[in-house]
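Notes follow once the structure below has been shown.
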Protein chains: 2
Amino acid sequence: MTSEPSWDFYRTLLAVLEHGSLSAAARDLGLTQPTVGRHIDALEQSVGAELFTRSQQGLLPTDAALVLKPYAETLASTAAALLRAATGSREKVSGTVRISASEVIGTEVLPPILAGLQAQYPELIVELSASDIVEDLLQREADIAVRMVAPAQEALLARHVGVISLGLFAHESYIERHGKPETIADLRRHKLIGFDRQTAYIRSMVKRYPMLDGISFSFRSDHSIVLHNALRSGIGISFYQIPLAKRDANLQRLLPEVEVTIDTWIVMHENLKTSPRCRVTFDALVTGLLDYAKGNDTPEGQ
Amino acid sequence: MTSEPSWDFYRTLLAVLEHGSLSAAARDLGLTQPTVGRHIDALEQSVGAELFTRSQQGLLPTDAALVLKPYAETLASTAAALLRAATGSREKVSGTVRISASEVIGTEVLPPILAGLQAQYPELIVELSASDIVEDLLQREADIAVRMVAPAQEALLARHVGVISLGLFAHESYIERHGKPETIADLRRHKLIGFDRQTAYIRSMVKRYPMLDGISFSFRSDHSIVLHNALRSGIGISFYQIPLAKRDANLQRLLPEVEVTIDTWIVMHENLKTSPRCRVTFDALVTGLLDYAKGNDTPEGQ
DNA sequence: CTGATGTCATACATTTATGTATAGCATCTA
DNA sequence: TAGATGCTATACATAAATGTATGACATCAG
């Protein structure tokens, strides 16, 4: 460890870890394979440890390299955030703003809101990361996030935009075939659509209706869109956001006494409030989602 | 923004921001002044904004540059953490572990604990950041922290090591001159030693004894060591950690009904538990501070 | 005022890093 | 089996970044 290695080596390291080969990493980085190889060599020498076992069909990361991956990911997301913060003038609403939201919100609710925003500010570039994975490390850190959990960190500008209500729904074609459940216990004899992994949705549901805990799903996916399409195709019964269900007349509410509410926040780091593009995006999301939670939905086509 | 700038430019940017001149930054980085200047030039071109207003007695950062500083600091601390994670073999207890603690704990309590640890593991290098400033951004992020607030983040390995008790103390030379206060209200006619800024100490004290809120200190410093030396020199009355006070026979406890307790945690990121040096340091801190909180103090000389 | 020390900017030489081209080996498909 | 495609490793030429030396200006102490 004679002197600190170049920070660029960390970027190269991350690319190699992500792509699994020097050549692929080189293509991604806009470098060449020998250069990437030299970066890894230099890094290995600096830290005094083997990072990859070389083979002719690619590189296999060692434990040491895997330990470094989360650090390199943090570096990448911070560097990306720095670049976003630096780009775009401080007066105009221009440059890139990156938003993180759940899959459902990101795919169904945000697009119309963001469409209006971009119509107003043509120079604004929006990156939208729609994912239910909590540990969003692979993704570039977002400037603004729509969250279903109360923000814990300090130095965050958070706005509570109300509660989103979920109810049980089924497509009418399913009801024709299987009938309606009359009680919660009755759900056990129905086909239920559910999640693979525990998401914020599930956690709050199980908290509220413990009898749902042991229930077995006959259709599972960890992809929210798949679940919703399964619901719309009449595969079974699923929780669904009530404002969204209004858009589809063929979806029928079941057991109206079952209702789960999810608190929703818009969260932004405090020091971004001086950035015009983050400010206007934040405000647009707040007003748009307040409307959505109230039931004043603005569907896609409008 | 033709292509992403070199991450090394961010390191250079941070150095220039911290030192205030190209030359000083160059000395710090082990580069030369023209190189540092070229890095800044290239970065300005990449982000399309002026970062510094050049003058012959140094560089004045623009608002744009100041916005980027926290990002660059995060990059620096992450890069340092990566390097620490990479260095040192995975079997032996070697390499550097960085610990963050309050000033009092760091200066008075930890050294004997760490001395024992380093005697056991001669190849272990310890970095100790003793500071009461909460936003420890300038510092390199620590591997292990001794905290007085309940850890909020997830993915943290936290161990509660008990409560540290604080009482009011004065040096006997002070008592000879001013006598002892008999009631809490009586404190108002005494000389009190206190803090400039609100620390975890103060907050929990005021919470418990609201009558202390409006009290005026006749001696203030935001440096804990200064305060303790002021106490030992007989300048006035101050809160002091009871286990520490036992070491100095000339310190007398006043108003024994006044006692404030501070919960204490040792906190480490979960993914460091595979690192032997972090593991053994964590364990040593836990046992050492459990002993300390119980009153089984292990003073410096022993 | 004068010299010492600090700063940034520029011109030029050199070192360093990178790209190109190629060889060697594995894997898969026809 | 032959050929295409994937990968890494090496040798060599080139391009790029860095260092050296120097000049111009500002600030402070004597």
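Letters A, B, ... mirror the listed sequences (proteins, then strands); counts begin at 1. Reckoned from all heavy atoms, side chains included, excluding hydrogens, waters and symmetry mates.
The nearest whole Å value for the distance from the CG atom in A/Asp41 to the P atom in D/dT8 is 12 Å. Note: NE2 (B/His19) to C1' (C/dG6) measures 15 Å, nearest angstrom. Atoms CG (A/Leu51) and P (D/dT8) sit 15 Å apart, rounded to a whole Å. Atom pair B/Gln33:CD and C/dC8:P shows a separation of 6 Å (rounding to whole Å applied). If you measure from atom CH2 of B/Trp7 to atom P of D/dA17, you get 18 Å, rounded to the nearest angstrom. Rounded to a whole Å, the CG atom of A/Leu60 is 15 Å from the C1' atom of D/dT8. Here D/dG6 presents its C1' atom at 13 Å from CG of A/Leu59, a figure rounded to the nearest Å. Between the CZ atom of B/Phe52 and the P atom of C/dT7 there is a distance of 15 Å, given to the nearest Å.
Each of B/Leu68, B/Leu17, B/Leu14 was checked for a side-chain contact (heavy atoms from CB on, under 4.5 Å) with B/Glu73, and the lone residue meeting it is B/Leu14.
With contacts defined as side-chain heavy-atom distances shorter than 4.5 Å, the pair A/Leu83/B/Tyr71 does not qualify. Using a 4.5 Å heavy-atom threshold, the side chains of A/Thr53 and A/Thr62 count as touching. Using a 4.5 Å cut-off on side-chain heavy atoms (C-beta onward), A/Leu22 and A/Leu59 make contact.
Residues forming a salt bridge (charged side-chain N to carboxylate O under 4.0 Å, His left out) with A/Arg27 (at least two apart in sequence, or on another chain): none.
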Heteroatom pairs (N/O) under 3.5 angstrom, protein to nucleotides 16-19 of chain C:
unit_1	atom_1	unit_2	atom_2	d
C/dT18	OP1	A/His39	NE2	3.3
C/dT18	OP2	A/His39	NE2	3.2
C/dG19	OP2	A/Thr32	N	3.3
C/dG19	OP2	A/Thr32	OG1	3.0
C/dG19	OP2	A/Thr35	OG1	2.6
C/dG19	N7	A/Arg38	NH2	3.1

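Regarding contacts with the backbone of D/dC25, every side-chain N or O of B/Arg54 stays at 4.0 angstrom or more from both OP1 and OP2.
Residue contacts shown for A/Ser23 include a base, since a base heavy atom lies under 4.0 Å away.
A salt bridge links A/Arg11 to A/Asp8: at least one charged side-chain nitrogen sits closer than 4.0 Å to a carboxylate oxygen.
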